[in-house]
Enquirer: 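My questions will all concern the structure given below.
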Amino acid sequence: MRPFRLYEPTTINETVATLSELGDDGKLYAGGTELLLAMKTGLLQYDGLVNVKTVPELEGVSYSNGTLTIGARATHSTVEHSADVLAHAPLIASVEHRVANVRVRNVGTVVGNLCFAEPHSDPGALLLLYEAEVDIASPSGTRSVSVEQLVVGPYETSLAGDELVTRVRVPLLPNGMRGAYLKFGYHHRPTLGVGAAVSVTDGKFLDVRLTLGSAPPKPTRMRDAEAVLRGAAVDDPAVAIEAGRIAAEGCDAIDDLHGSAEYKRHLVQVFVQRALAEAVERGVK
Ligand SMILES: Cc1cc2nc3c(=O)[nH]c(=O)nc-3n(C[C@H](O)[C@H](O)[C@H](O)COP(=O)(O)OP(=O)(O)OC[C@H]3O[C@@H](n4cnc5c(N)ncnc54)[C@H](O)[C@@H]3O)c2cc1C
């Protein structure tokens with residue numbers, strides 16, 4: 001790997017000032033599980049890396065007033081084992097438990113995962129279920145965007161070069177809503193992730209959120225499929241089949257090493273139905 005200088009700021013202000021000074025020659029670095037691999041293979045080259053792990057303000061997971069906060073330094077393992085996550089959003093803990101392997105989970109961060117925007121990932125589709133937002137700092141101030149707006153395409157985010165994601169804010173699912181997340185794949189990374197969150201009244205879907213990851217080029221909320229479910233009978237299998245069909249048609253799947261676009265659309269069709277059934281029968285917060 002080409003030599004680089006490692007910067008170790010201790011505050012958010014110092015971090016974004018360093019990024020701004022380095023311009024295109026610098027990049028933020030958290031667990032390094034994506035970035036260092038890309039640098040080792042020569043796909044990416046930077047003269048300076050700015051370490052987010054030396055900034056105490058970016059540490060930890062916390063809960064307050066119906067919202068979980070995941071700091072930029074929080075690893076997948078931290079989130080998986082957090083008492084706040086286990087108590088208030090056990091679905092997130094269970095999905096984090098199935099990300100990668102224990103070595104990657106111990107160093108890789110949830111925020112680093114979102115910011116690398118590798119399509120074959122879990123946190124994006126999972127956090128879309130919760131309508132999560134990220135807080136962003138830069139030398140000119142702070143702003144917030146939804147996770148949906150953060151990831152704009154494969155390996156592409158809406159972040160400027162001098163912006164740092166400081167935390168993800170995750171509102172709990174509304175009262176009565178329960179969710180499920182199913183993933184499928186046979187490589188290291190997922191081929192498909194489907195999230196479903198539902199509330200049911202009098203045998204009908206009252207509200208529904210459906211999300212897809214890995215098969216589409218970016219984590220995606222399947223709003224057209226949600227629309228056919230709202231108000232429909234939970235025990236009518238035709239409704240879930242129709243939702244799966246709409247999600248499959250709208251998912252923009254492409255041919256790649258995980259399979260053909262046609263194969264992925266078939267998986268989407270099947271897994272949307274399974275995720276809905278799981279959310280209805282065994283869904284958790
Ligand atoms: C073998 C293997 C298996 C995997 N399996 C899965 C899987 O099953 N599911 C899954 O979802 N993922 C999987 N992954 C991906 C893994 O989740 C990510 O590699 C990890 O979360 C990235 O986090 P990191 O802290 O290492 O990021 P880094 O490599 O440090 O950074 C990644 C990118 O994010 C940017 N960045 C980091 N922090 C910030 C910040 N605070 N603000 C702005 N930009 C930032 C960096 O500049 C860089 O561009 C796997 C990875 C490996 C190697």
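All values reported here derive from a predicted model rather than from experimental measurement.
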Enquirer: What's the shortest heavy-atom distance between L172 and A89, and which atoms?
Expert: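 Of all heavy-atom pairs spanning L172 and A89, the closest is CD2-CB, 4.4 Å.
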Enquirer: Determine whether a donor-acceptor pair (N or O, by modelled atom type, separation under 3.5 Å) exists between the side chain of E278 and the backbone of Y181.
Expert: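 No, because the side chain of E278 does not come within donor-acceptor range (under 3.5 Å) of the backbone of Y181.
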Enquirer: What pairs with S94 under side chain to side chain contact (heavy atoms under 4.5 Å, CB included), at least two apart in sequence or on another chain?
Expert: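 Listed in chain order: L91, R98.
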Enquirer: What residues form a side chain to side chain contact (heavy atoms under 4.5 Å, CB included) with R189, not counting sequence neighbours?
Expert: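 In terms of side chain to side chain contact (heavy atoms under 4.5 Å, CB included), with neighbours along the sequence ignored, R189 is linked to E34, E118, H120.
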Enquirer: Test of understanding: with side chain to side chain contact (heavy atoms under 4.5 Å, CB included), list the residues that count as partners of V16, not counting sequence neighbours.
Expert: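 Per chain and number, V16 pairs via side chain to side chain contact (heavy atoms under 4.5 Å, CB included) with A137, P139, L164.
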Enquirer: Test side chain to side chain contact (heavy atoms under 4.5 Å, CB included) on E133 and L150; report intermediate values, then the result.
Expert: CA-CA 9 Å; E133 298 202 335; L150 175 73; over 6 Å; no
Enquirer: Indicate if L126 and V208 have the same hydrophobic cluster label, given that clusters are the connected sets of ILVMFWY residues with side-chain heavy-atom separations under 4.5 angstrom.
Expert: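 No, it is not one cluster - the side chains of L126 and V208 are not joined through contacts under 4.5 Å.
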Enquirer: Kindly check if the number of other-residue, nucleotide or ligand heavy atoms within 6.0 Å of NE2 (H187) is above 12?
Expert: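 Above 12, so yes.
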Enquirer: Determine which pairs satisfy side-chain hydrogen bond (donor to acceptor under 3.5 Å, both in side chains) with at least one residue from residues 219-237, sequence neighbours left out, and list them in order.
Expert: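 Counting only pairs at least two positions apart or across chains, the side-chain hydrogen bond (donor to acceptor under 3.5 Å, both in side chains) contacts touching residues 219-237 are E131-R221, E148-R223, D207-R230, R221-E226, E226-R230.
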Enquirer: Hey, could you give me the OG/CG distance between S82 and L68, rounded to the nearest 0.5 Å?
Expert: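 So the gap between those two atoms works out to 7.0 Å.
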Enquirer: In terms of heavy-atom contacts, does NE2 of H88 have more than 12 from other residues, nucleotides or ligands at under 6.0 Å?
Expert: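 Check passes, neighbour count above 12.
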Enquirer: Look at the side chain of E57 and the backbone N and O of I12, then say whether any donor-acceptor pair between them is shorter than 3.5 Å.
Expert: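 Looks like yes, one N/O pair under 3.5 Å.
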Enquirer: Out of the candidates T67, V61, I92, only one should pair with V170 under the side chain to side chain contact (heavy atoms under 4.5 Å, CB included) rule; please name it.
Expert: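 Output: one option passes, namely I92.
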Enquirer: How would you list, by chain and number, every residue that makes a salt bridge (Lys or Arg N to Asp or Glu O under 4.0 Å) with R274, sequence neighbours excluded?
Expert: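 R274 satisfies salt bridge (Lys or Arg N to Asp or Glu O under 4.0 Å) with no residue once adjacent residues are dropped.
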Enquirer: Determine whether Y7 and L22 satisfy the following criterion, side chain to side chain contact (heavy atoms under 4.5 Å, CB included), listing intermediate values before the conclusion.
Expert: CA-CA 10 Å; Y7 295 81; L22 289 168; 3.6 Å; yes
Enquirer: For residues R103 and V107, determine if any side-chain heavy atom of one lies less than 4.5 Å from a side-chain heavy atom of the other.
Expert: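 The answer is no, as the side chains (C-beta and beyond) never meet within the 4.5 Å cut-off.
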Enquirer: Do side-chain atoms of Y186 reach the backbone of H258 as a donor and acceptor pair under 3.5 angstrom?
Expert: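 Here the side-chain-to-backbone pair exists.
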Enquirer: Could you check whether K53 makes a cation-pi contact with Y29, meaning its NZ or CZ is under 6.0 Å from the centre of the six-membered ring and within 45° of the ring axis?
Expert: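 Judged by the rule (NZ or CZ under 6.0 Å from the ring centre, within 45° of its axis), K53 counts as positioned above Y29.
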Enquirer: Can you tell if the side chain of E96 reaches within under 4.5 Å of the side chain of V110, non-hydrogen atoms only?
Expert: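 Yes. Closest side-chain heavy atoms under 4.5 Å.
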Enquirer: Indicate the atoms forming the closest heavy-atom contact of G124 with V147, along with that distance.
Expert: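 In this case the closest contact between G124 and V147 is O-CG1, 4.2 Å.
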Enquirer: Under 6.0 Å from the CG atom of L257, do we count more than 12 heavy atoms belonging to anything else shown?
Expert: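 Open.
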Enquirer: Give me the atom names and distance for the closest heavy-atom approach of P154 to P119.
Expert: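 For P154 and P119, the tightest heavy-atom pair comes out as CB-CG, 3.8 Å.
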Enquirer: Answer whether the closest heavy-atom distance between the side chains of F205 and V280 falls below 4.5 Å.
Expert: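 Yes, side chains in contact.
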Enquirer: As an exercise, state the distance from CZ of R209 to CG of L128, rounded to the nearest 0.5 Å.
Expert: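 Atom-to-atom, R209:CZ and L128:CG are 10.5 Å apart.
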Enquirer: Do side-chain atoms of R265 reach the backbone of C251 as a donor and acceptor pair under 3.5 angstrom?
Expert: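 Not a single qualifying donor-acceptor pair exists.
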Enquirer: Has K264 got a side-chain atom pairing as donor or acceptor with T191's backbone, closer than 3.5 angstrom?
Expert: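 It does not hold such a pair.
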Enquirer: Hey, quick one: are L43 and F4 part of the same hydrophobic cluster, counting side-chain heavy atoms closer than 4.5 Å, chains of contacts allowed?
Expert: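 Shared cluster, no.
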Enquirer: Side chains of S144 and D135: any donor to acceptor distance under 3.5 Å?
Expert: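 Yes.
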Enquirer: Salt-bridge test for R2 and D47: reply yes if a basic N is under 4.0 Å from a carboxylate O, no otherwise.
Expert: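 Answer for the salt bridge query: yes.
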Enquirer: Working to the nearest 0.5 angstrom, can you tell me the gap between E59 CD and R167 CZ?
Expert: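 Rounded to the nearest 0.5 Å, the CD-CZ separation comes out at 13.0 Å.
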Enquirer: Mind checking whether V200 and V228 sit in one hydrophobic cluster, side chains of I, L, V, M, F, W, Y counted as touching below 4.5 Å?
Expert: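 V200 and V228: one cluster.
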Enquirer: Search all heavy atoms of L182 against all heavy atoms of A275 and return the closest pair with its distance.
Expert: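 The answer is CD1-N, 3.5 Å.
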Enquirer: Is the side chain of S138 donor-acceptor paired with the backbone N or O of E163 at a distance under 3.5 Å, no angle test?
Expert: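 No: the side chain of S138 does not pair with the backbone of E163.
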Enquirer: How far apart are the closest heavy atoms of V272 and A247, and which atoms are they?
Expert: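 Looking at all heavy atoms of both residues, the shortest contact is CG2-CB, 3.9 Å.
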Enquirer: Kindly compute the distance separating OG1 (T15) from CG (D162), expressed to the nearest 0.5 Å.
Expert: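 If I round to the nearest 0.5 Å, the distance is 12.0 Å.
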Enquirer: Could you tell me whether the side chain of L212 reaches within less than 4.5 Å of the side chain of L192, counting heavy atoms only?
Expert: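 L192 reaches L212 side chain to side chain.
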Enquirer: With distance as the sole test, does S158 use its side chain to make a donor-acceptor pair with the main-chain N or O of Q149 at under 3.5 Å?
Expert: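 Yes, because the side chain of S158 sits within donor-acceptor range (under 3.5 Å) of the backbone of Q149.
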Enquirer: Answer whether the closest heavy-atom distance between the side chains of R178 and L173 falls below 4.5 Å.
Expert: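 They are not in contact (no side-chain heavy atoms under 4.5 Å apart), so the answer is no.
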Enquirer: Against R105, only a single residue in H76, E80, H81 fulfils side-chain hydrogen bond (donor to acceptor under 3.5 Å, both in side chains); can you say which?
Expert: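 Result: among H76, E80, H81, E80 is the only option passing the side-chain hydrogen bond (donor to acceptor under 3.5 Å, both in side chains) with R105.
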Enquirer: Drop me the distance from T11's OG1 to N13's CG, to the nearest 0.5 angstrom.
Expert: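 If I round to the nearest 0.5 Å, the distance is 5.0 Å.
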Enquirer: Going by side chain to side chain contact (heavy atoms under 4.5 Å, CB included), name the residues that satisfy it together with A30, two or more places apart in sequence or in a different chain.
Expert: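 Residues passing side chain to side chain contact (heavy atoms under 4.5 Å, CB included) with A30: V52, T109.
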Enquirer: Is the shortest heavy-atom distance from the side chain of L58 to the side chain of V111 under 4.5 Å?
Expert: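 Result no, sub-4.5 Å side-chain heavy-atom pair not found.
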Enquirer: To the nearest 0.5 angstrom, please state how far the NZ atom of K27 sits from the CG atom of L49.
Expert: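 Answer rounded to 0.5 Å: 10.5 Å.
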Enquirer: Is there a path of hydrophobic side-chain contacts, each under 4.5 Å between heavy atoms of I, L, V, M, F, W or Y residues, that connects V284 with V234?
Expert: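 No, V284 does not connect to V234 through the hydrophobic network.
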Enquirer: I'd like to know if the side chain of T18 and the backbone of E14 have a donor-acceptor N/O pair within less than 3.5 Å.
Expert: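 The answer is yes, because a donor-acceptor pair under 3.5 Å joins these two groups.
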Enquirer: Between the side chains of E156 and K218, is the shortest nitrogen-to-carboxylate-oxygen separation below 4.0 Å, so that they form an ion pair?
Expert: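 No, no charged N to carboxylate O under 4.0 Å.
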Enquirer: Can you tell me if D24 has over 12 outside heavy atoms packed within less than 6.0 Å of its CG?
Expert: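 Counting other residues, nucleotides and ligands, CG of D24 stays at 12 neighbours or fewer.
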Enquirer: Shortest non-hydrogen contact from L210 to A196?
Expert: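 Taking every non-hydrogen atom into account, CD2-CB, 3.9 Å.
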Enquirer: Under 3.5 Å, side chain of S121 to main-chain N/O of P123, donor-acceptor pair present?
Expert: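 Not confirmed, S121 side chain does not pair with P123 backbone.
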Enquirer: I'd like to know if Y63 and V85 are part of one continuous hydrophobic network [Ile/Leu/Val/Met/Phe/Trp/Tyr, side-chain heavy atoms within less than 4.5 Å].
Expert: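 Yes; tracing contacts between hydrophobic side chains, which count when under 4.5 Å, links both residues.
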Enquirer: Check the side chains of S77 and T75 for a donor-acceptor pair under 3.5 angstrom, ignoring hydrogens and angles.
Expert: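 Result is no, nothing qualifies.
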Enquirer: Take K183 and V95 through the side chain to side chain contact (heavy atoms under 4.5 Å, CB included) test and state the conclusion after the steps.
Expert: CA-CA 9 Å; K183 71 189 272 190; V95 176; 5.8 Å; no
Enquirer: Can you tell if the side chain of P219 reaches within under 4.5 Å of the side chain of T211, non-hydrogen atoms only?
Expert: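 The answer is no; the side chains never approach within 4.5 Å.
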Enquirer: Would you say V268 and V194 make side-chain contact, with heavy atoms under 4.5 Å?
Expert: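 Result no, sub-4.5 Å side-chain heavy-atom pair not found.
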